Every structure is written in C-alpha cells, then in structure tokens.
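Taking it in order: structure first as structure tokens, then the write-up.
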Amino acid sequence: MINFDNSYAALPSGFYTRLDPTPVKAPVLLAFNNGLAKVLGINPSELGDLASVFGGNKIPQGATPLAQLYAGHQFGSYNQQLGDGRAILLGETIDTNGLRRDIQLKGSGRTPYSRGGDGRAWLGPVLREYVVSEAMHALGIPTTRALAAVATGEDILREQGMLPGAILTRVASSHLRVGTFQIFAHRGEIEALQTLTDYASQRHYPLAKTPMDLLREVCSAQAELIAAWMSVGFIHGVMNTDNCSISGETIDYGPCAFMDDFNMGRVFSSIDQQGRYAFGNQPNIAVWNMAQFATSLLQLFEDKDAAVEEATAIIHAMPALIEAAWLKRFAAKIGISEPTKDDEALIQSLLDLMQKDGADFTNTFRNLGTPDAPDQFTDRDAFDSWAVAHAARIADVPDARATMDAANPAIIPRNHRIEQMIDAAVAGDMAPFERLMTALKTPFTLTDPDLAKQPRPSEIVPATFCGT
Ligand code: AMP
Ligand code: MG
C-alpha cells in the first residue's frame, strides 16, 4: 500500500495531462530502497509485485497518474513547452516525518510532451541517478531520491546503439521547477500563475505570504544548494531552468559528475561546449535562473515598476548569499566553523595550489593535516608553506579536526566507478552497484578504501553523455 494524498492532480487541468505509464514487456526489479520506503511509510510486502508497480505495469491503488507541464530555458534559450516527456507522477504521499513527497516514474513511456523522444530511459542514466542521488542524500545535500530501479526487458535506441531500458522511481519534495512558472508567465495565464504561486508557497514555504517572499525563499534555498554542491566538487551539468527545483533540491542527474582533480573550469557534459555549466560557473547560473524565476513572478504585480525594483534587489543580493554559504562550507573543510572574511584568502590560496597541481578535490581536503596531504601536490614547498599558515590559523580552534572530518567526505561517487558500475549492470552484474551503494551510505567513514582512490590514467572518464 502507498497512502496517496494527491494535491497536484487537484490543480486545474491545464497544469498536466492525466495519463498512465505505458506498460513494459518484462519488468525486473533491479534495486529497491528499503530505507526510503520506510520513511515513506510504504510496506513493500503489501504492494504486490514490485517490478510491476515500479515498472508502470500495475497502477497502485490511490494513484492519479499524470504528466506535468512546464517550459524552460535550455542552455540559455527559451523552449516554450517541455513537460514530462518520459515521466509520470503517480501521486504524493505524506511521509513519516509529515513531509509531502512526490512519487514519480521516470522512463515510463511517451506523453503528449515527448516531442521527438521515445519516452524511455536506458539503464545507465537510471542507475547513475539512483547512486548519485542517494550519495547526495547521504552527504546531507538536499536532493530528490531513488526508491526503485526496474529493467523493462525492452531495448531502446541511443547514440551508442541499442541499450537496455529501465525505469527509475524518483521521490521529490515536489517536481515544481522554475520552468513550471515560466510556462504560465510566458503565455500570460495570470490566474494559473497565481494558483501555482500559492500552491508552491503553501507546499514549500508556508511562511511566504507574497510572490516576493517566495522569490526570497527560493533564492536562499538555491544559494545554499549551490554552495553545498561546490563543497563536494559536484558539477550538475545541465542547470536549465526546467532542472531548477523550487524546493531547493538537486534534481535531474543527467550528465552530472563529481570532479577528481580540482579545476574551476571543469565540464563533464559532452554537450556543454561553451562551459556554461562548468564547476565554477554554477553560482552565476543559479543567479541567472533565479532572475528568470523573478521575471515570471513579476507578471503577478500591478505596479510593475515597484515590483521590478524589489525583485532586482532580491536577485542582486543573491551572489552575496552564495558567497556566505560557500565560505561557511569551505571554511569547515579546513577546520573553521566560524569563519571571518580573512579566511577566504586562506581557502582561495589552497584552491589555487590545487588547481595548479591538479590535486584531487576529495582526497586533498580529506587528508589535510595528515602526513598524506602533500602527496597531492607537485609544488611541495608551496603546499608546505600553506600548511604552516593553516596550522597557525586552526591552532586555537577547538574541534578543528572534527569539523574537517564532518565536512570532508572520504568517499564520493567517482565518475569512473559509476561508469564501471554501469558497464557491469549492462552485462547483468549488479555487484558493483551494491558495493557503491553500501560504501556511499556512510560517506564520512571510509569503509571501502579502493573506492576512495582517484582513477588511474586509463580509468579517467573525461565526459558524460546526455543521451539519457
Ligand atoms: P532532461 O534533459 O532530462 O531534463 O529533459 C529535458 C526535456 O526533454 C524534458 O521535457 C524531458 O521530459 C524531455 N526528454 C528527455 N529525454 C526524453 C525521452 N527519451 N523521451 C521523451 N522526452 C524526453
Ligand atoms: Mg529535466
């Protein structure tokens, strides 16, 4: 049983299309997240055949399946209609913490919003999202989560050739995006925009009484999120406004990756030719996305001049919010829980050395203050003098070590391990998936040292493909 409590389906019909998932040939359950099921109050033994339910062949009682409508800026250009082209929202449930959560099948077949697509997903990206989203959660970073992965028994065509199809069950605080607001704003459907604004505020920020309050809340959630991503070397890769969640959760793990060697300009996505979504550009893009959100909300105001002025001030305040969140996160990584403005220079000089020497992001921070730290640097003298300055700074800081250990994961889902895991899964071997999932559950405790190692040159995966 899933105790559905569906609020999105009660919104006006222009917000979505009611539609069942398209059944699949031979669903096989590849992974099921018992821990998350428990949080959701789902008892899997009461659900019947899990592969049928999470493969979309059996609609659970109480579901109101639908595809959501939205638009979005993709790589900066506005696409006036996107929507769930291969996802179906089964409905919502109130979890055991009292939080409303969406349960969505991704890869569940064509919808009126599929455009040219086949409505499906292949196994690789499904397992990538499963592993990386659960790793994010374990790292304490807001994210959608993965409840199940099902192989469909159908092959689908991608650039690489025929590949095994799969469906991910994604759990989210909601699937409201900046693009959900954009579609109604651009169409001039003010009543729908107002309904959506009220719905989003009540659902995510009940203290927000006006659209400007909502804008402020989302800016602040996004600022925290971007700083959190950067603190673990995460590159989202496709920060389009349709992949920018109103709740402040990380959503849409397409061509995402964690960096190995530190580089502010690092890009993994094979389609991001200009580096729009490069590691170091993520703060700028978050602000840009919030400016698009603000532009949509402006439609709700009669006194446009006053509204523009207020919204502009909120957007202009955002870089400082990100910087403050960034400083808090990175200071903790070097053992300082209450940073001052001066600490910025100390952090920056370490990052400069790391970039110059191609130091591994995760292992450098994890090993700071240990005899292994200098190993990441070719310019040992430069690092040693940094380490002297650092030691002096934290000499009187109580709990510096504990602060560092709590801020610096020992293990992150490295890209080459993800690729190896996918290759194995395609060949029918789920052991690497299980191994990664086990180690990533406790990222601040090293349980599997091999998985913490940076890739050997032959193992490096320089790009991730969007052919999801
Ligand atoms: P994404 O890059 O996954 O955020 O997707 C961007 C848009 O393309 C969304 O509207 C998706 O629903 C749609 N889309 C992506 N892949 C497919 C597919 N295989 N079939 C149909 N629509 C898709
Ligand atoms: Mg998307």
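Because the structure is predicted, anything quoted here is derived from the model rather than measured. Both counts, for ligands and for their atoms, begin at 1 and track the order of listing.
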Ligand 1 atoms in contact with G119 (distance to a heavy atom under 4.0 Å): 18 (C), 19 (N), 20 (N), 21 (C)
For R120, the ligand 1 atoms whose distance to one of its heavy atoms is below 4.0 Å: 19 (N)
Verify the distance test for D252 against the Mg ion (ligand 2): any N/O/S atom under 2.8 Å, yes or no. yes
Side chain to side chain donor-acceptor pair (under 3.5 Å) partner of H204, the single match among S245, S174, S247: S174
Side chains of E92 and N6: any donor to acceptor distance under 3.5 Å? no
With heavy atoms of L82 as the reference, note each atom of ligand 1 found under 4.0 Å away. 10 (O)
Check N240 against ligand 1 and report side chain, backbone, both or neither, counting heavy atoms closer than 4.0 Å. neither
Between the side chains of R216 and E310, is the shortest nitrogen-to-carboxylate-oxygen separation below 4.0 Å, so that they form an ion pair? yes
I'd like to know if the side chain of Q194 pairs up with that of D198 as donor and acceptor (distance under 3.5 Å, no hydrogens or angles considered). yes
Using a 3.5 Å cut-off on N or O atoms only, is D84 in polar contact with ligand 1? no
With D84, the side-chain contact (heavy atoms from CB on, under 4.5 Å) member among K106, H175, Q104: Q104
Strictly under 4.0 Å, does any heavy atom of Q68 approach an atom of ligand 1? no
At under 4.0 Å between heavy atoms, is it the side chain or the backbone of Y70 that contacts ligand 1, or both, or neither? side chain
Which atoms of ligand 1 have any heavy atom of R115 under 4.0 Å away? 7 (C), 8 (O), 10 (O), 13 (C)
Per-atom contacts, ligand 1 versus R158 - under 4.0 Å to a heavy atom: 19 (N)
Residue part near ligand 1, for D252, under 4.0 Å between non-hydrogen atoms: side chain
Considering the heavy atoms of N243, write down every atom of ligand 1 situated less than 4.0 Å from one of them. 4 (O)
Salt-bridge test for D360 and R366: reply yes if a basic N is under 4.0 Å from a carboxylate O, no otherwise. no
Given the side-chain rings of Y8 and Y199, with only the six-membered ring counted for Trp, is the space between their centroids under 6.0 Å? yes
Metal check, the Mg ion (ligand 2) vs N240 N/O/S, cut-off below 2.8 Å: no
Positive for side chain to side chain donor-acceptor pair (under 3.5 Å) with Q182, one of T295, T241, N79: T241
Between the side chains of R170 and D102, is the shortest nitrogen-to-carboxylate-oxygen separation below 4.0 Å, so that they form an ion pair? no
Purely on distance, is any nitrogen or oxygen of Y113 under 3.5 Å from one on ligand 1? no
